[in-house]
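Each remark here refers to the structure printed beneath this line.
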Amino acid sequence: MKGHKDKSSDRKYILAVDDDPDIVRLIEQALNRQGLKVSAFTDAAMALEDFKVNCKDCTMILSDIRMPGMNGYEFIKKTKGIDKHVKTILMSSFEIQEKEFHNLLSDIKVDAFLQKPFHIQQLNDAIEKINAKTD
């Protein structure tokens, strides 16, 4: 079974977007080691185009908040407009309290927030917790 042609339902498709290529690569490699399928982008507009085409296969979005062009809030709002059920994790290097964060995004359901820098285990835990809620 090879990458894009693998349509088996036991492999999750996660869309990851961050303007820092090193962070995207790290996330992609770590999640691939967990057996998860990842589509990674450094440009939110390109990621949105991918989501429009592949939203039926995408189960989760991991997005940075602060990016040039389209920021993470706008990106999530647009993806939720396409598929309101897609699970979302936002991440930021800026300190935001979770309560404050949910007040800012009261019109958008975000499933988790990660403060950068984070350990890959924290990302894995967030993904497992979100998946446990939907199983």
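No experiment lies behind these values; they were computed from the predicted model shown.
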Using 0.5 Å steps for rounding, measure from the [atom1] atom of [X] to the [atom2] atom of [Y].
X	Y	atom1	atom2	answer
Asp43	Met70	CG	CE	8.0 Å
Ile14	Asp57	CD1	CG	13.5 Å
Ile127	Gln34	CD1	CD	8.0 Å
Asn71	Ile65	CG	CD1	8.5 Å
Lys133	Asn131	NZ	CG	11.0 Å
Asp64	Thr42	CG	OG1	11.5 Å

Heavy atoms only: give me the nearest [X]-[Y] pair and the separation to one decimal.
X	Y	result
Gly72	Ser63	CA-OG, 3.7 Å
Cys58	Tyr13	CA-CD2, 3.1 Å
Met60	Val86	N-CG2, 4.0 Å
Cys55	Ile82	SG-CG2, 3.8 Å
Thr79	Phe51	O-CE2, 3.4 Å

* Pick from Val38, Leu36, Ile23: which one makes a side-chain contact (heavy atoms from CB on, under 4.5 Å) with Glu28? ->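 So, applying the side-chain contact (heavy atoms from CB on, under 4.5 Å) to Glu28 and each of Val38, Leu36, Ile23, only Val38 qualifies.
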Only residue of Leu62, Ile130, Ile61 satisfying side-chain contact (heavy atoms from CB on, under 4.5 Å) with Thr88 is Ile61
**Report entry** Residues Glu49, Lys52: salt bridge by 4.0 Å N-O rule
**Finding:** yes
- [ ] For side-chain contact (heavy atoms from CB on, under 4.5 Å), just list the numbers for Leu123 and Ile27, CA-CA rounded to whole Å, side-chain angles, deciding distance to a tenth of an Å, and then say yes or no.
- [x] CA-CA 9 Å; Leu123 175 58; Ile27 289 168; 4.1 Å; yes
Problem - Validation row: Lys87, Ile89 side chains within 4.5 angstrom (heavy atoms) - result: no
**Request:** Check the surroundings of atom NZ in Lys80: do more than 12 heavy atoms from other residues, nucleotides or ligands lie under 6.0 Å from it?
**Result:** yes
Decide if atom NZ of Lys116 counts as having more than 12 heavy atoms of other residues, nucleotides or ligands within a radius under 6.0 Å.
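Yes - once you tally the heavy atoms of other residues, nucleotides and ligands closer than 6.0 Å, there are more than 12.
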Tell me if a side-chain donor or acceptor on Ser39 pairs with a main-chain N or O of Leu15 at a distance below 3.5 Å.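 A pair under 3.5 Å: no.
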query = Is Val24 reachable from Met91 through a run of I, L, V, M, F, W or Y residues, each pair having side-chain heavy atoms under 4.5 Å apart?
reply = no
task = Dump the intermediate steps for side-chain contact (heavy atoms from CB on, under 4.5 Å) on Asn124 and Leu31, then the final yes or no.
result = CA-CA 8 Å; Asn124 291 338; Leu31 295 180; 3.7 Å; yes
